[in-house]
Amino acid sequence: MTQNASKKNVCKLAVAAVLTCMAATAQAEILIGSSVSSTGFASFLGEPEEQTLKILVDDINAKGGVGVKGEKLRLISYDDASDANKARTFATRLVEDDEVVAIIGGSTTGATMAIMPVVEEAGIPFISLAGAIEITQPVRKHTFKTPHTDRMACAKIFEDMKARDLHSVGILSGSDSFGSSMRKQCLDIVDEYEITVAGDEIFGPTDADMTPQLTNLKNKDGIQAIMVLGLGSGPAIVTRNYSQLAIDLPLYQSHGVASDAFIELAGAKEAEGIRLPGTPLLVAELLAADDPQRPAVQAYKERYESKTGKPVSTFGGYAHDALYLIVDAIERAGSSDPAAIRDALEATKGLVGTTGIYNMTPEDHLGLDLTAFRMLEIRDGKWKIIE
Amino acid sequence: MSEFMQFLLSGLTVGAVYALVALGFTIIYNASDVANFAQGEFVMLGGMITAAAYTAGAPLPLAAGLAIVVTAAIGVLLNKLAIEPARGAPVVSLIIITIGASIFVRGLVQLIFDKQLHRFPAFSGDDPIRLLGATILPQSLWVIAGALVVFVGLWLFFTRTLTGRAVLATANNRIAAVLVGINTKYVMTLSFALSAAIGALAGVLVTPITLTSYDIGMTMALKGFAAAMLGGMGNPKGALVGGIVLGVLEAMTAGYISSQYKDAAAFVVILGVLFFMPQGLFGRKSMERV
């Protein structure tokens, strides 16, 4: 027993010595950890996120590193394969073995929720890339996030309806997690905008025809607009059915379909006049010359597309913003100590990202307001910004 | 009245999609008693290959023809590489092999093509046809016509041709079939090629309506399988009626009761039917001779 124990101690000493050596040689490096879903069902989120982080870390290092001392960043990146259990394992590894100073990750809400207890216990600042409002409400000391919430998208749509004097809406939402969660958020706040819900219908994520639901909504008394909350093929099929039934009420879609592919799938003629809240990244070319986000958005879009050859996505933008929030916090803190980074993150003011302009406070660990969304309208198969 | 018509037309559209997928199940089932769960992947391949060829510049009929031929070849490969080597294994093992094959095909398509949604134009435009105050898209008529043509074709094949009867004989008793001179290997290859081709045809016809992506196969197969079970597995008439009934049932539930319970209502009816008629609406009574 005693022999074993002393052996263990020797080992510990040896490990400690090696670690000190490593720390000494790597002194000029700041370790940033990431755990995103580069493969698996959420790879459409994680793949652009991981690529964005890799490209930007290289770029920042090539430009002389972070802060006055010019410390280089090193990204330690794990792929949780869209599995929340793995996300937790990797978060623990990042904290205990890799000893990173900050973690970016959690492409999905599930993965984020798995990482959260690990970072809160270890006291490492963590920026999530997932959408759910529960991540930052209630506020946890070390957890921040960059994507705007579904509730904000609802608010943006309702604001626009109110401005157009539309007071009665029919909701058609997908039965998948995105659709049902957003439907709940919208129903929570719809009263604040003096809008009544005239109808509330559901469609399945792989349904081939939504004319029964639309027929029912169309026939509701006093209905003035219809909003569709969903991802994937559903919203495109709804749009085609809408035109098939020749419904002439204003149609709103969610930010879930804010991509050029949506117009292509729904058809330019069928999608004419649809409004939806979208991120500036989607309409980089259309941003006004004096738009404060224009330089950041265009620089990232150009860099990502030239480097990967793929069109830029909102999701990669979330990772872009998370990395720059951390870099900004390190520079303001003048230190790469996790506690100092956390305090500086919480004091972020006016950081211009691709998603929006971040102003963090101890009560708000997202720091975006409704200006992060642009109300877009599809005209002649192209996006137009509605002021 | 116009509401009822709209629900009915919607149900017919969706039902014809289910029926086309269900029809694909019948041949392989008739030849081997195996419910081929890779059938949905044939539908997906039909849509994806057509979309890729069309995007690459091929005219639509050529792209569709190419998709059907390539998918049929993949069906043959599936039989040669996965099913034939496991000859003699119990039916359950073969069904599990088809599930494995479907996961493999899905992964392959994800790598070769991409993970995006795809669509190509409808064959006869997108202007809706008006019917008693309701509307239907021309493409839906294509799907319904496709389901009817495949149904008639299969019915003639199984009742009027020697090859069709050989397929049925192979399923009934493989050893006896060999003894009367049926080349059962050829029958299996043929049935996989035909099933895959029907699946691909379904994919070509429905993609302008449902859109396609690498992962639609499993849900397609499940709905088609449910339709085939409802109508009676292995019977083309059952597949056609089962699909249409399922589609109309879903549309009527969504229209008159609640869109929340659409899928639940359909499955309750299926369970009810199978409880009283375990062979489905048109299924053969199976007799075991001791």
Side-chain angles (χ1 to χ4, degrees), chain A residues 39-45 47 170-175 180 183 199-219 231-247 257 259-270 310-311 313, chain B residues 2-18 110 114-119 121-122 126-130 133-140 143 206-213 215-216 218-220 222-223 247 250-263:
Chain A
T39 57
F41 75 88
S43 59
F44 68 102
L45 304 167
E47 201 185 342
I171 298 178
L172 178 54
S173 53
S175 60
S180 53
R183 169 180 167 273
D200 185 7
E201 298 276 344
I202 306 282
F203 63 85
T206 53
D207 284 3
D209 189 277
M210 284 70 152
T211 53
Q213 289 96 318
L214 285 173
T215 305
N216 278 344
L217 285 179
K218 184 180 74 169
N219 293 340
L231 290 177
S233 59
I237 295 174
V238 171
T239 305
R240 301 179 65 79
N241 290 159
Y242 209 76
S243 134
Q244 178 191 340
L245 296 174
I247 303 176
V257 296
S259 72
D260 291 337
F262 171 72
I263 302 182
E264 206 180 294
L265 291 172
K269 186 166 68 80
E270 286 81 358
K310 290 180 200 156
S313 80
Chain B
S2 72
E3 274 173 43
F4 174 79
M5 272 309 286
Q6 188 60 53
F7 299 155
L8 186 66
L9 291 184
S10 164
L12 284 177
T13 302
V14 176
V17 174
Y18 295 162
Q110 185 179 345
D114 56 22
K115 292 178 240 173
Q116 310 299 320
L117 284 163
H118 293 277
R119 145 165 220 280
D126 287 321
D127 296 328
I129 298 162
R130 309 203 156 270
T135 55
I136 190 166
L137 291 175
Q139 189 65 28
S140 302
V143 176
V206 306
T207 297
I209 297 175
T210 63
L211 316 182
T212 191
S213 70
D215 59 354
I216 62 153
M218 204 34 116
T219 45
M220 281 277 181
L222 281 178
K223 282 291 167 81
E250 283 187 5
M252 291 297 165
T253 314
Y256 286 118
I257 304 173
S258 158
S259 46
Q260 310 239 19
Y261 300 121
K262 178 170 65 74
D263 292 332

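Numbered from 1 within each chain, the chains take letters A, B, ... in sequence-line order.
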Would you mind checking which part of B:Ile216 comes under 4.5 Å of any heavy atom in chain A, side chain (CB onward), backbone (N, CA, C, O), both or neither? neither
Would you call B:Asp263 and B:Lys223 a salt bridge, taking side-chain N to carboxylate O under 4.0 Å as the test? yes
Salt bridge (Lys or Arg N to Asp or Glu O under 4.0 Å) against A:Lys269, all qualifying residues, sequence neighbours excluded: none
Who are the side chain to side chain donor-acceptor pair (under 3.5 Å) partners of A:Asp260, not counting sequence neighbours? A:Trp383
Side chains of B:Ser259 and A:Glu201: any donor to acceptor distance under 3.5 Å? yes
Closest non-hydrogen atom pair between B:Ser2 and B:Gly133, with its separation: CB-O, 3.7 Å
What I'd like to find out is whether the side chain of B:Tyr261 reaches to under 4.5 Å of the side chain of A:Ile202, using heavy atoms alone. no
Greatest number of non-hydrogen atom pairs under 4.5 angstrom with chain A, of B:Asp126, B:Ile136, B:Val206, falls to B:Asp126
Checking heavy atoms, do the side chain of B:Thr135, its backbone, both or neither come under 4.5 Å from chain A? both
Contacting region of A:Gln213 [heavy-atom separation from chain B under 4.5 Å]: side chain
Measuring heavy-atom distances to chain A, does B:Asp127 have an atom under 4.5 Å in its side chain, in its backbone, in both, or in neither? side chain
More than 12 heavy atoms of other residues, nucleotides or ligands under 6.0 Å from CZ of B:Phe4: is that the case? no
Proximity breakdown for A:Ser175 and chain B, heavy-atom pairs closer than 4.5 Å: neither
Considering only heavy atoms, give the residues of residues 9-18 of chain B separated from chain A by less than 4.5 Å, sorted numerically, with 'none' for an empty result. B:Ser10, B:Thr13, B:Val14
What pairs of residues pass the salt bridge (Lys or Arg N to Asp or Glu O under 4.0 Å) test when at least one of them lies in residues 7-16 of chain B, not counting sequence neighbours? none
Between A:Phe203 and A:Ile237, is any pair of side-chain heavy atoms under 4.5 Å apart? no
